[in-house]
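The model shown is predicted, which means the values in this text are computed figures rather than measured ones. Counting starts at 1 for both ligands and their atoms, in listed order.
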Amino acid sequence: MTSPALPDYAPIPRSSLGPALNDQGYYVGRVERNLYWVTDGVYQSAFLTTRDGVVLFDAPPTIGHNLQRAIDEIAAANGVSNQVTHLVYSHHHDDHAGAASLFDRNVVRVGHEETRRLLLRDNDPARPAPEVTFADRYTLEVAGERVELAWHGPNHSPDNIFIHFPGHDTLMLIDVVNAGWVPIYNLNLSEDVPGYIQAPATALSYPWTHFICGHLGRLATRDDVAVHQAYIADIEASAREALATVDPTPFYMRYGENAWAGVKAHLDTVTDRAAAPIIAKYTGVLAAADIEIFTRTTTFAIMQSLRLDRGPSGPVHP
Ligand SMILES: [Zn+2]
């Protein structure tokens with residue numbers, strides 16, 4: 001057995017990394033006033049301490065029991081309750097919600113109505129469905145603290161919501177922008193490409209200074225969102241250019257009746273041509289831009305959305 005050679009990549013820019021983790025493998029920090037964030041370096045969660053208890057936003061299983069440890073640490077330091085009374089789901093995905101069942105049965109679970117539907121479908125005991133649901137907007141008030149939840153249509157997932165903390169100058173939107181890093185495969189595994197592309201502009205339409213993006217080791221800024229938008233806009237322009245300039249004829253001629261072989265050769269050529277300048281431009285700017293499969297699959301998804309969602313998919317037969 002030979003093991004595959006593992007490639008080397010460009011160094012991660014220091015600015016894409018966050019604070020050091022403690023011995024238990026987490027970092028907890030203040031976002032503003034009584035709003036805190038927790039990270040294990042890859043996943044992020046947040047919580048609000050109030051005089052009546054703690055409101056937790058997402059429960060990633062990789063942070064797991066460190067969520068309560070982080071809450072205990074902050075509650076003890078500030079002399080407030082460490083009891084989690086509310087859990088808000090950003091969306092139904094297990095990697096952000098799979099530690100939900102660690103919290104008491106009496107906790108009030110809040111989420112979008114589609115989150116409830118999907119969690120009932122998935123029927124995973126680790127992720128109890130929210131009982132408090134909403135369609136477009138919901139104001140969560142706990143002990144005088146206000147959090148505005150809003151659904152602006154599907155993006156990364158059908159149920160992904162915007163969580164605004166108007167009293168804390170903060171917005172939480174998970175799995176769209178990765179602060180200082182490129183999205184992973186297929187625009188961060190997103191289901192709705194036009195919705196995913198639009199989401200950062202919607203995020204920027206809210207007033208905030210701090211942005212909790214759900215991944216990696218630090219909080220994001222408005223500049224991080226703008227760099228992400230530039231990366232996606234560059235891919236879109238490059239995909240448009242490649243679609244317009246690559247002549248498909250030779251690929252279909254080459255493969256004759258094997259139409260799918262022609263499709264593969266054509267679309268792979270368009271994708272590679274569109275992705276190459278983006279990989280070159282963003283290496284050293286966004287961490288992991290040189291993991292080519294990430295930018296290539298994101299480029300492929302955007303190129304297909306240009307054809308299928310925006311149109312035209314091709315010329316109309318005369
Ligand atoms: Zn997700």
Side-chain angles (χ1 to χ4, degrees), residues 37-47 56-64 67 87-103 109-130 133-134 149-164 170-200 202-203 211-220 224-225 228-229 231-232 286-288 291 293-295 297-298 300-302 305:
W37 71 294
V38 190
T39 184
D40 60 7
V42 180
Y43 279 87
Q44 302 176 355
S45 169
F47 62 91
L56 178 63
F57 300 86
D58 278 354
T62 59
I63 308 179
L67 290 167
L87 171 62
V88 176
Y89 288 118
S90 64
H91 65 307
H92 73 290
H93 284 164
D94 185 75
D95 63 329
H96 293 272
S101 66
L102 298 183
F103 296 90
R109 293 182 171 85
V110 183
H112 190 259
E113 60 187 21
E114 185 68 1
T115 302
R116 176 175 170 81
R117 191 188 71 77
L118 291 165
L119 288 178
L120 292 174
R121 177 198 70 177
D122 295 344
N123 193 28
D124 176 1
R127 289 172 288 159
T133 62
F134 65 97
L149 311 181
W151 182 78
H152 295 292
N155 46 68
H156 159 71
S157 64
D159 60 330
N160 202 26
I161 60 168
F162 292 65
I163 303 169
H164 189 223
T170 299
L171 185 75
M172 182 169 179
L173 172 66
I174 303 302
D175 282 345
V176 174
V177 175
N178 297 332
W181 295 66
V182 293
I184 65 161
Y185 301 90
N186 294 306
L187 314 102
N188 267 343
L189 311 176
S190 289
E191 294 181 48
D192 188 295
V193 174
Y196 176 91
I197 291 174
Q198 173 60 33
T202 306
F211 186 87
I212 300 165
C213 68
H215 279 288
L216 289 317
R218 67 165 172 83
L219 295 176
D224 287 318
V225 176
H228 168 93
Q229 284 181 301
Y231 169 79
I232 295 293
L286 284 173
I291 301 180
I293 191 80
F294 289 172
T295 296
T297 55
T298 290
F300 181 83
I302 288 175
S305 176

Quiz item: Quick check: does H156 have an N/O/S atom under 2.8 Å of the Zn ion (ligand 1)?
Solution: yes
Practice problem: Could you list the residues that satisfy side-chain contact (heavy atoms from CB on, under 4.5 Å) with R109, not counting sequence neighbours? | Solution: L87, Y89, V107, P128, P130, E131
Practice problem: Answer yes or no as to whether an N/O/S atom of D175 is found below 2.8 Å from the Zn ion (ligand 1). | Solution: yes
Exercise. May I ask you to decide if the ring planes of Y231 and H228 are parallel, tilted or perpendicular, using 30° and 60° as cut-offs?
Key: tilted
Self-check item: Heavy-atom check, side chain of I232 versus side chain of I302, under 4.5 Å
Solution: yes
Practice problem: Could you pull out the atom name of the N/O/S atom in H93 that is nearest the Zn ion (ligand 1)? | Solution: ND1
Quiz item: Residues two or more places apart in sequence or in another chain: which of them pass ring pair (Phe, Tyr, Trp, His ring centres under 6.0 Å) with Y43?
Solution: H96, H215
